[in-house]
Amino acid sequence: MTDEYPVGSLLEFARSLLGSRIVSGDVAVRLTEVEAYAGPLDPASHAYNRTPRSEIMFGPPMRLYVYFSYGIHWCANIVWGEEGTACAVLMRAGQVVSGLDEARRRRGAAVPEKRLASGPANLTKALGIGGTDNGADLSDAEGIHLELRTDPAPIIVAGPRVGVSKAADVPWRFWIAGDRSVSAYKRSPRAPAPSD
DNA sequence: TCGCTGATCATCT
DNA sequence: GATGATCAGCGAA
């Protein structure tokens, strides 16, 4: 590869998602926390190796990559970048801004509003996203789609990604400063000790 | 508020 | 056969 891998614009795209809305049926979520995964050059990415599961990320951008995690949870990424770069951004948390009743029905009545879509698995659950949505085209306004933010950028903070055991110190997680729905940082128990 | 643990299975080696 | 981009519930402080 002689071309420089588009890490800079991937991170820029990730930041532009903060404050944007992901819409699924009646439910809309304003994203407050995301993580970038840089395909084959990122050991923490599922696309580090090209396998049947990660194949969707090597395809065209603006598709949904949904995977099943820890035997119980679904998590959703937005595929981005030119075909073959296998970049993706994991949606980690957000605030439910419409379809509150529907989201609460999926998550449980006792869940406080701030936590309805707090955490990647909670976010997919609130939106009703599952395995059948893998590969969905986000530019299709009829289905799950993205409404990019048009108002000024919020104040954004960057830090290390949550729960990854490889490349654990790369600051590719972004969140809106001070937002209550953002996950608490938790280092993977398998990650090597941070270098100091 | 913090830290540990069990649940549970698709995917990869 | 092991692993993991998680969550909720529990007990301790």
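Order of the sequence lines fixes the chain letters, A, B, ..., with proteins taken first and strands second; residue numbering starts at 1 for each chain.
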Query raised in the report: Under a 3.5 Å cutoff on both atom distances, Watson-Crick or G-U, what's the dot-bracket for DNA chain B ([ ] crossing, | other strand)?
Result: |||||||.||||.
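Between A/Ile56 atom CD1 and B/dT11 atom P there is a gap of 13 Å when expressed in whole angstrom units. Between A/Arg50 atom CZ and B/dT11 atom C1' the separation is 17 Å, expressed in whole Å. The interatomic distance linking A/Asn122 (CG) with C/dA5 (P) rounds to 17 Å, in whole Å. Following rounding to the nearest Å, A/Leu116 (CG) and C/dA8 (P) show an atom-to-atom distance of 11 Å. Summarising the geometry, the separation between CD1 on A/Ile129 and P on C/dT6 is reported as 16 Å, rounded to the nearest angstrom. Protein atom CH2 of A/Trp74 is 8 Å distant from nucleotide atom P of B/dT11, rounded to whole Å. Straight-line distance from the OH atom of A/Tyr48 to the P atom of C/dA5: 14 Å, rounded to whole Å.
Looking at A/Thr124 and A/Val66, their side chains never come closer than 4.5 Å, going by heavy atoms from C-beta outward. Side-chain contact between A/Val96 and A/Glu113 is absent, with no heavy atoms from C-beta onward closer than 4.5 Å. Taking the side chain as every heavy atom from C-beta outward, A/Pro40 and A/Phe58 approach each other to under 4.5 Å. Within the 4.5 Å cutoff, the side chain of A/Val27 has heavy atoms near those of the A/Arg106 side chain.
A salt bridge is defined here as a Lys NZ or Arg NE, NH1 or NH2 lying under 4.0 Å from an Asp or Glu carboxylate O, and A/Arg161 with A/Asp42 meets this definition.
Note on A/Arg92: a side-chain N or O is less than 4.0 Å away from OP1 or OP2 of C/dT6. Side-chain nitrogen and oxygen atoms of A/Ser165 include none within less than 4.0 Å of the OP1 or OP2 phosphate oxygen of C/dT3. For A/His46 and B/dT11, the shortest distance from a side-chain N or O to OP1 or OP2 is not below 4.0 Å. The side chain of A/Asn49 places no N or O atom within less than 4.0 Å of a non-bridging phosphate oxygen (OP1 or OP2) of B/dT11. For C/dA8, the OP1/OP2 oxygens have a side-chain nitrogen or oxygen of A/Arg107 closer than 4.0 Å.
Base contact: A/Asn77 has a heavy atom under 4.0 Å from a base atom. Using a 4.0 Å heavy-atom distance criterion, A/Ala121 is classed as a sugar-phosphate-only contact.
Side chain of A/Asn77 to main chain of A/Val79: no donor-acceptor pair is present (N/O by atom type, distance under 3.5 Å, no hydrogens or angles).
Taking the six-membered ring where tryptophan is involved, the planes of A/Tyr67 and A/His46 are perpendicular, since the angle between them exceeds 60° and thus also 30°.
The stacking criteria are not both satisfied for A/Tyr67 over the base of B/dA10, which would need a centre-to-centre distance under 5.5 angstrom and an angle between ring planes under 30 degrees.
Counting non-hydrogen atoms of neighbouring residues, nucleotides and ligands closer than 6.0 angstrom, the CD1 atom of A/Ile155 reaches no more than 12 such neighbours.
Here the side chain of A/Val164 is nearest to one of B/dC12, C/dC7, C/dA5, namely C/dA5. Among the nucleotides B/dC12, C/dA8, C/dA5, the one closest to the side chain of A/Leu90 is C/dA5. Considering only the side chain of A/Pro52, B/dC12 comes nearest among C/dC7, C/dA5, B/dC12.
Side-chain atoms of A/Gln95 and A/Asp179 include a donor-acceptor pair closer than 3.5 Å.
Taking A/Arg15 as the reference, nothing meets the salt bridge (charged side-chain N to carboxylate O under 4.0 Å, His left out) condition, with sequence neighbours excluded.
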Report all interatomic pairs (protein N or O, nucleotide N or O of nucleotides 3-9 of chain B) with separations under 3.5 Å.
{"unit_1": "B/dT8", "atom_1": "O2", "unit_2": "A/Tyr70", "atom_2": "O", "d": "2.6"}

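Comparing A/Lys166 and A/Val111 against DNA chain C, the residue whose closest nucleotide sits nearer the 5' end is A/Lys166.
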